[in-house]
Number of protein chains: 2
Amino acid sequence: MSNTLGVRQAQKQKTRQALLEAGLGLLEEQSLSSLGLREVTRVVGVAPAAFYRHFRDIADLGVALVEESLGSLHVMIRAVLSEQADAEEVIDRSVEVVAAHVRLHPAHVRFVARERHGGVRAVREAIAAELARFGDEVAEALATQEVSDGWSAEDVRMLAGLYVDHLVMTASAFLEAAPEEERRIADTARRQLRLISLGRGHWRDA
Amino acid sequence: MSNTLGVRQAQKQKTRQALLEAGLGLLEEQSLSSLGLREVTRVVGVAPAAFYRHFRDIADLGVALVEESLGSLHVMIRAVLSEQADAEEVIDRSVEVVAAHVRLHPAHVRFVARERHGGVRAVREAIAAELARFGDEVAEALATQEVSDGWSAEDVRMLAGLYVDHLVMTASAFLEAAPEEERRIADTARRQLRLISLGRGHWRDA
DNA sequence: GAGTTCAGTTAACAACTGTTTGCCGGATGA
DNA sequence: TCATCCGGCAAACAGTTGTTAACTGAACTC
């Protein structure tokens, strides 16, 4: 790790980060396709023209936000899935981790859920690509478990997809929920995962 | 059905419908929160001020679009679920119906998927409410099936939620897919439903 | 220490936005 | 037939938008 950047590059990355954070903040009450360049620079306290030193577009800023938002996800669930444990424990742990992640990075989660099907193609595609990579990783982890013996690669991948979609839906549900609803949502998510896990266990009988 | 409206009301509903369709069309490449009132009236070929004769807001137009988009859904799946048949047949039929619905009303499907987590609160809530109603109906249908004997109402409802989320995800996947990918998507959707159905069948053992 | 690089500034551009006001003219109902 | 209703219009409002150009001055290179 050589973080010995010159003073100039350090400052540049600082304002770049400020632009990203300002954008993310503004996106809590609107969609990316309505986010204004001037709006963002105004929050940061920088001239509109300065924006172009960092991003070509608002869409470009959006793509950068995708990487920032989904980068941490990989480490997150990887850790959960790798600990070889009882299925029930893995489920409980997964839902806890998702809930914690939402509590820690609500804006990032909202951004992904919102722009996954949002109005900006480049961002949609970036999210799709990142979630596909994530799905591949989950599939890889699932494949090593003994429950997956005799499963085709395709079937493992479709199960991973089911998990990924469920994760995003659950995260988004946590996000919009009032604090007192969190337990109910966690409970539903756990039961749904349990049902899927049950189906997984009986897949070979077909 | 008394569709004997006066000439005036008929004309009004006609332009109202034109506004809705213009909005829906424009929303194929942007989000509701960036949709402009003038943009919509320009497409219809009507003065900007005329918009206020029909809607208070763009958000208001969005809410109207929600009803239009999700109204037909109820009849759709109801028909599928009510025909008491083999589980496998119901799955095949469901995926077919979803694919057909997407092919027939792509803009409506895109609108729902996009604005479900979109930047306009009122629309988000309208979609959530409508999908909740839909989930309740599905739960009701599921409850009458013999597979659900011994299930708590909550468990039936969580299964219905799983189905509804899966339906929306599948519809959205069809939407963004190239024609040659449709078969693969349909195949994955069917296998996922089969796995869920399998888990459903073994739920009592817990 | 002189010369270059470059993140950020200032200022101006035309184009666009939502909303209001007063008006028109055809449908409506007595 | 006449007065009322009311969907749509034209025009103007103050603000906002993205993008460009030429600039300043501190950090960099040699």
Side-chain angles (χ1 to χ4, degrees), chain A residues 2-27 29-65 115 118-123, chain B residues 2-27 29-65 115 118-123:
Chain A
S2 68
N3 44 359
T4 53
L5 299 179
V7 178
R8 233 212 208 117
Q9 296 226 8
Q11 254 305 330
K12 179 167 186 182
Q13 289 215 348
K14 208 168 161 186
T15 54
R16 185 191 136 101
Q17 194 57 34
L19 287 169
L20 287 170
E21 281 172 21
L24 198 58
L26 289 164
L27 284 175
E29 352 197 295
Q30 62 182 307
S31 306
L32 186 67
S33 77
S34 69
L35 183 61
L37 165 167
R38 291 183 105 104
E39 215 176 338
V40 177
T41 58
R42 195 183 308 128
V43 171
V44 176
V46 93
F51 183 88
Y52 296 102
R53 300 287 184 204
H54 302 275
F55 306 101
R56 188 195 328 265
D57 258 343
I58 278 290
D60 196 24
L61 178 142
V63 172
L65 277 177
E115 300 304 330
V120 182
R121 154 156 308 169
V123 170
Chain B
S2 69
N3 44 359
T4 53
L5 299 178
V7 179
R8 236 216 205 113
Q9 297 227 9
Q11 253 307 328
K12 180 168 185 181
Q13 291 216 346
K14 208 168 161 186
T15 54
R16 186 190 137 102
Q17 194 57 35
L19 288 169
L20 287 170
E21 282 172 20
L24 200 57
L26 289 164
L27 285 175
E29 353 199 294
Q30 63 182 307
S31 305
L32 186 67
S33 77
S34 69
L35 183 63
L37 166 165
R38 291 182 105 106
E39 216 176 337
V40 177
T41 57
R42 193 182 309 127
V43 171
V44 176
V46 93
F51 183 89
Y52 296 101
R53 302 286 184 205
H54 303 275
F55 306 102
R56 187 197 327 266
D57 258 344
I58 278 290
D60 196 24
L61 177 141
V63 172
L65 277 178
E115 300 304 330
V120 182
R121 154 157 309 174
V123 171

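All of these numbers come straight from a predicted model, not from anything done at the bench. Each chain gets a letter, A, B and so on, in the order the sequences are listed, and its residues count up from 1.
- Against DNA chain D, the stretch residues 9-20 of chain B makes heavy-atom approaches under 4.0 Å through B:Lys12, B:Thr15.
- Among residue pairs with one or both ends in residues 41-52 of chain B, none qualify as side chain to side chain donor-acceptor pair (under 3.5 Å); sequence neighbours excluded.
- For A:Ala18, the side-chain contact (heavy atoms from CB on, under 4.5 Å) test picks out A:Val44, with sequence neighbours left out.
- The shortest distance between side-chain heavy atoms of A:Arg16 and A:Arg53 does not fall below 4.5 Å.
- Under the rule for a side-chain contact (heavy atoms from CB on, under 4.5 Å), the partners of A:Gln13 that lie at least two apart in sequence or sit in another chain are A:Leu5.
- When all heavy atoms of B:Val43 and B:Ala22 are compared, the closest pair comes out as CG1-CB, 3.7 Å.
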Each nucleotide of nucleotides 9-14 of chain D classed B (base within 4.0 Å of a protein heavy atom), S (only sugar-phosphate) or -, in 5' to 3' order, makes BB-B--
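- The side-chain contact (heavy atoms from CB on, under 4.5 Å) test applied to B:Arg121 returns B:Arg124, B:Glu125, not counting sequence neighbours.
- Between the CG atom of A:Leu35 and the C1' atom of D:dG18 there is a distance of 13 Å, rounded to whole Å.
- Counting to the nearest Å, the C1' atom of C:dC6 and the NE2 atom of A:His54 are 11 Å from each other.
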I'd like a list of close polar pairs between nucleotides 3-5 of chain D and the protein, N/O only, cut-off under 3.5 Å.
{"residue": "D:dC5", "atom": "O2", "partner": "B:Arg8", "partner atom": "NH2", "Å": "2.3"}

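- The CZ-P distance, from A:Phe51 to D:dT17, rounds to 13 Å in whole Å.
- Atom-to-atom, OH of B:Tyr52 to P of C:dG18 comes out at 7 Å; the value is rounded to the nearest Å.
- Axis deviation across the helix from C:dG1-D:dC30 to C:dA12-D:dT19 amounts to 10°, comparing end segments of five pairs, rounded to 10 degrees.
- Side-chain atoms of B:Ser31 never come within 3.5 Å of backbone atoms of A:Gly118 as a donor-acceptor pair (strictly under, hydrogens ignored).
- Atom-to-atom, CG of A:Leu37 to C1' of C:dT9 comes out at 15 Å; the value is rounded to the nearest Å.
- Here the side chain of B:Ser33 pairs no donor or acceptor atom with the backbone of B:Val120 at under 3.5 angstrom.
- Rounded to whole Å, the distance from CD on A:Glu39 to C1' on D:dT17 is 10 Å.
- For the pair B:Phe51/B:Val46, no side-chain contact is recorded, criterion being any heavy-atom separation below 4.5 Å from C-beta on.
- What you find for A:Glu115 and A:Leu32 is that their closest heavy atoms are OE2-N, 2.8 Å.
- Straight-line distance from the CD1 atom of A:Ile58 to the C1' atom of D:dT19: 13 Å, rounded to whole Å.
- Shown here are the side chain to side chain donor-acceptor pair (under 3.5 Å) partners of B:Gln17, two or more places apart in sequence or in another chain: B:Glu68.
- Partners of B:Glu39 according to the side chain to side chain donor-acceptor pair (under 3.5 Å) rule, which considers only residues two or more places apart in sequence or in another chain, are B:Gln30.
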Give the intermediate values and the outcome of side-chain contact (heavy atoms from CB on, under 4.5 Å) for residues A:Leu61 and A:Leu37. CA-CA 10 Å; A:Leu61 178 142; A:Leu37 165 167; over 6 Å; no
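- As judged by a 4.0 angstrom heavy-atom cut-off over every strand, A:Arg42 is placed among residues touching the sugar-phosphate backbone only.
- One atom, CG of A:Asp60, and another, P of D:dG18, lie 15 Å apart when rounded to the nearest Å.
- Atom CG of B:Leu65 sits about 5.5 Å away from atom CG of B:Leu24, to the nearest 0.5 Å.
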